[in-house]
Amino acid sequence: MAAPVWRRAGDLLKRAGFAPVPRRHRHKKKWAATEPKFPASRLALQNFDMTYSVQFGPLWPSIRVSLLSEPKYGALINNFADWDNVRTKLEQLSARDFVNEAISHRELEPESRHSATPFPACSPNLRCFTFARGDVSRFPPARLGSLGVMDYYLMDAASLLPVLALGLQPGDTVLDLCAAPGGKMLALLQTGCCRNIAANDISTSRTGRLQKVLQSYVPQESRERNQVRVTSWDGRKWGELEGDTYDRVLVDVPCTTDRHSLHQDENNIFHRSRKKERQMLPMLQVQLLAAGLLATRPGGHVVYSTCSLSHLQNEYVVHGAIELLDNQYNIKVQVEDMSHFRKLFMDTFYFFPSCQVGELVIPNLLANFGPMYFCKMCRLT
Ligand SMILES: C[S@@+](CC[C@H](N)C(=O)[O-])C[C@H]1O[C@@H](n2cnc3c(N)ncnc32)[C@H](O)[C@@H]1O
């Protein structure tokens with residue numbers, strides 16, 4: 001009688017040099033500690049599939065595939081470098097300054113010249129190059145320019161929108177409450193409007209990275225002229241430390257960093273061990289936004305931003321902070337309508353058309369920027 005299949009397979013393996021593992025040494029593979037069965041990036045995708053398919057309906061499959069694909073970048077020109085030269089080089093690559101293009105188109109429109117209501121100003125002097133829709137070219141890495149500083153900073157071009165929305169004006173005092181690693185702070189400095197700027201982040205290792213960005217991009221005398229102050233405090237306490245002070249405040253909060261969470265397992269907020277932290281995020285975000293509003297002088301402006309698609313981290317947080325300020329401090333805050341940004345930047349970004357408050361850039365394969373949510377507010381009292 002022929003040997004059973006399992007024995008024949010065992011013989012074959014033995015002849016091929018594979019020693020069988022004695023039964024007493026066999027054990028179930030342990031996967032939890034070293035080799036997660038579900039890496040955090042997979043858990044992130046599961047979570048997004050559940051929540052965002054409801055939130056975005058038929059738009060979700062297109063956003064999903066874009067989030068999983070290579071992102072596009074923008075090259076923020078460093079005005080402290082030989083920027084005219086840098087601009088020429090970027091134009092030779094067929095990239096275009098999306099900010100300048102949008103604003104000059106707008107100025108040419110007859111309705112804007114005769115408009116009775118003034119067009120809310122964008123922060124000035126920002127030059128950011130992107131490749132056209134559907135063009136997936138990459139920028140070469142930034143280089144040290146002739147003036148001893150780096151020529152441009154590569155970032156998600158949608159990250160510039162919160163800074164543009166802040167509408168800086170010359171002489172403004174500015175607070176960047178969650179500033180590290182420093183892309184938006186660098187953009188704030190590029191406007192040339194900051195009388196002084198406080199760049200804060202709770203993480204000392206990340207403020208270290210921010211200091212490096214400053215050293216690489218901003219000459220020492222400009223850092224002194226702009227009076228850049230870097231701190232590592234808990235931003236939630238800022239309202240108590242320096243209340244009613246700043247003209248403009250950027251609150252770019254920690255969030256689920258949706259794109260990042262789908263690609264990096266390390267330090268991923270969807271890791272099982274960080275479930276509590278993730279659930280507490282909206283609460284932390286409300287506290288940070290409330291602190292930013294308290295630090296603003298009455299009449300000053302705040303922009304809240306995240307790189308998440310989640311309503312819970314975006315619109316709900318804005319509503320929550322405004323309610324908290326009203327109930328606990330009797331401070332009134334008004335959301336500003338920024339829907340004109342959708343028209344202004346429609347050649348570069350895809351915007352979600354149905355935000356209740358604020359604006360949301362959604363990733364799209366033809367313009368794979370974002371996600372980026374931003375909401376501008378004015379502190380009235
Ligand atoms: C989205 S990142 C900021 C990115 C930055 N604005 C930029 O453009 O490069 C959020 C930052 O919030 C910081 N953060 C978290 N909790 C904080 C807190 N309680 N106070 C201040 N910063 C905090 C994190 O360390 C992280 O660097």
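Along the sequence shown, residues are numbered consecutively beginning with 1.
- Asp265 is not listed as a side-chain neighbour of His271, based on a closest heavy-atom distance of 4.5 Å or more.
- Side-chain atoms of Arg259 come within 3.5 Å of backbone atoms of Gly370 as a donor-acceptor pair (strictly under, hydrogens ignored).
- At least one donor-acceptor pair under 3.5 Å links the side chain of Glu315 to the backbone N or O of Gln356.
- The distance from the CG atom of Leu214 to the CG atom of Leu189 is 6.5 Å, given to the nearest 0.5 Å.
- The shortest heavy-atom contact between Tyr373 and Leu360 is CB-CD1, 3.8 Å.
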Tyr153 and Tyr217: CA distance, side-chain angles, deciding distance, side-chain contact (heavy atoms from CB on, under 4.5 Å) verdict: CA-CA 8 Å; Tyr153 185 85; Tyr217 283 84; 3.6 Å; yes

Full working for ring-ring contact (aromatic ring centres under 6.0 Å, His included) between Phe139 and Phe131: CA-CA 9 Å; Phe139 289 103; Phe131 291 105; 4.4 Å; yes

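- Checking Ser339 against Asp337 by side-chain atom types alone, a donor-acceptor pair falls below 3.5 Å.
- With hydrogens and angles disregarded, a donor-acceptor distance shorter than 3.5 Å links the side chain of Asn268 to the backbone of Ser261.
- Side chain of Arg133 to main chain of Ala367: no donor-acceptor pair is present (N/O by atom type, distance under 3.5 Å, no hydrogens or angles).
- Counting only heavy atoms from C-beta outward, the side chains of Trp238 and Asn200 approach each other to under 4.5 Å.
- For the residue pair Met150 and Ala142, the shortest heavy atom distance occurs at CE-O, 3.6 Å.
- In this structure, a donor-acceptor pair under 3.5 Å is absent between the side chains of Thr207 and Asp201.
- Here the two rings, on Phe341 and Phe349, have centers that are 6.0 Å apart or farther.
- Atom CD of Gln279 has more than 12 neighbouring heavy atoms from other residues, nucleotides or ligands inside a 6.0 Å radius.
- Separation of atoms CD1 (Ile362) and CD1 (Ile63) is listed at 4.5 Å; rounding is to 0.5 Å.
- Once rounded to the nearest 0.5 Å, the distance linking CG of Leu67 with CG of Leu262 reads 5.5 Å.
- Hydrophobic clustering (ILVMFWY, side-chain heavy atoms < 4.5 Å, transitive): Leu293 and Tyr329 are in one cluster.
- Counting heavy atoms from C-beta on, the side chains of Ser159 and Lys184 come closer than 4.5 Å.
- Residues Leu126 and Ala187 come closest through the heavy atom pair CD2-O, 3.3 Å.
- Checked by atom type, the side-chain pair Asn78/Arg127 shows no donor-acceptor distance below 3.5 Å.
- Side-chain contact between Glu359 and Cys375 is absent, with no heavy-atom pair separated by less than 4.5 Å.
- Pairing each heavy atom of Pro124 with each of Cys193, the nearest pair is CG-SG, 3.6 Å.
- Taking the charged nitrogens against the carboxylate oxygens, Asp151 and Lys89 have no contact shorter than 4.0 Å, which rules out a salt bridge.
- Hydrophobic clustering (side-chain heavy atoms under 4.5 Å, transitive across Ile, Leu, Val, Met, Phe, Trp, Tyr) groups Leu93 together with Tyr152.
- Using a 4.0 Å cut-off between a side-chain N of Lys or Arg and a carboxylate O of Asp or Glu, Glu240 and Lys237 do not qualify as a salt bridge.
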Test side-chain contact (heavy atoms from CB on, under 4.5 Å) applied to Ile322 and Val335, step by step: CA-CA 9 Å; Ile322 292 178; Val335 170; 3.6 Å; yes

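- Between the side chain of Thr257 and the main chain of His260, no donor-acceptor pair closer than 3.5 Å is present.
- Hydrophobic clustering (ILVMFWY, side-chain heavy atoms < 4.5 Å, transitive): Leu164 and Leu344 are in one cluster.
- Between Lys332 and Asp326, at least one side-chain N (NZ, or NE/NH1/NH2) sits under 4.0 Å from a carboxylate O, which counts as a salt bridge.
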side-chain contact (heavy atoms from CB on, under 4.5 Å) assessment of Arg229 paired with Leu175: CA-CA 10 Å; Arg229 176 170 56 123; Leu175 166 64; over 6 Å; no

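- You'll find the ring centres of Tyr304 and Phe374 outside the 6.0 Å limit.
- Side chain of Lys72 to main chain of Ala132: a donor-acceptor pair is present (N/O by atom type, distance under 3.5 Å, no hydrogens or angles).
- Smallest separation of non-hydrogen atoms from Val251 and Gly292: CG2-CA, 4.1 Å.
- No side-chain donor-acceptor contact under 3.5 Å links Asp172 to the backbone of Arg248.
- Atom NE2 of residue His311 and atom CZ of residue Phe56 lie 6.0 Å apart, to the nearest 0.5 angstrom.
- No donor-acceptor contact under 3.5 angstrom links the side chains of Asp97 and Asn100, judged on distance only.
- Proximity of Val149 to Leu144: side-chain heavy atoms (C-beta onward) are nowhere separated by under 4.5 Å.
- Counting only heavy atoms from C-beta outward, the side chains of Ile77 and Asn79 approach each other to under 4.5 Å.
- The nearest pair of heavy atoms linking Leu188 to Cys194 is O-SG, 3.5 Å.
- Taking the six-membered ring for Trp, Tyr350 and Phe345 have ring centres at least 6.0 Å apart.
- Between the Arg195 side chain and the Thr173 main chain, no donor and acceptor come within less than 3.5 Å of each other.
- Using modelled atom types and a 3.5 Å distance limit, the side chains of Thr256 and Ser308 yield a donor-acceptor pair.
- Linking ILVMFWY side-chain heavy atoms closer than 4.5 Å, directly or via other members, places Tyr52 and Leu312 in two distinct hydrophobic clusters.
- A salt bridge links Asp49 and Arg64; the closest N-O separation between the charged side-chain nitrogens and carboxylate oxygens is under 4.0 Å.
- Side-chain atoms of Ser222 never come within 3.5 Å of backbone atoms of Val218 as a donor-acceptor pair (strictly under, hydrogens ignored).
- Taking CG of Asp234 as the start and CD1 of Ile202 as the end, the distance is 4.0 Å to the nearest 0.5 Å.
- Using a 4.5 Å cut-off on side-chain heavy atoms (C-beta onward), Phe369 and Thr130 make contact.
- With His340 as reference, Met338 is the one residue of Lys343, Met338, Arg342 to meet the side-chain contact (heavy atoms from CB on, under 4.5 Å) rule.
- Thr245 is not listed as a side-chain neighbour of Arg297, based on a closest heavy-atom distance of 4.5 Å or more.
- The backbone N or O of Leu284 sits nowhere less than 3.5 Å from a side-chain atom of Arg236 that would complete a donor-acceptor pair.
- Rounded to the nearest 0.5 angstrom, Thr88 OG1 and Trp83 CH2 are separated by 9.5 Å.
- In the hydrophobic clustering of this structure, Val361 does not group with Phe129; members are Ile, Leu, Val, Met, Phe, Trp, Tyr whose side-chain heavy atoms approach within less than 4.5 Å, directly or through other members.
- Checked by atom type, the side-chain pair Thr191/Ser123 shows no donor-acceptor distance below 3.5 Å.
- Within a 6.0 Å radius of OH in Tyr73, other residues, nucleotides and ligands contribute 12 heavy atoms or fewer.
- In this structure, a donor-acceptor pair under 3.5 Å is absent between the side chains of Gln211 and Gln215.
- Side-chain contact, Ser305 with Asp252: a donor N or O sits under 3.5 Å from an acceptor N or O.
- Below 30°, between 30° and 60°, or above 60°: for Phe48 and Trp60 the angle between ring planes is above 60°, a perpendicular geometry.
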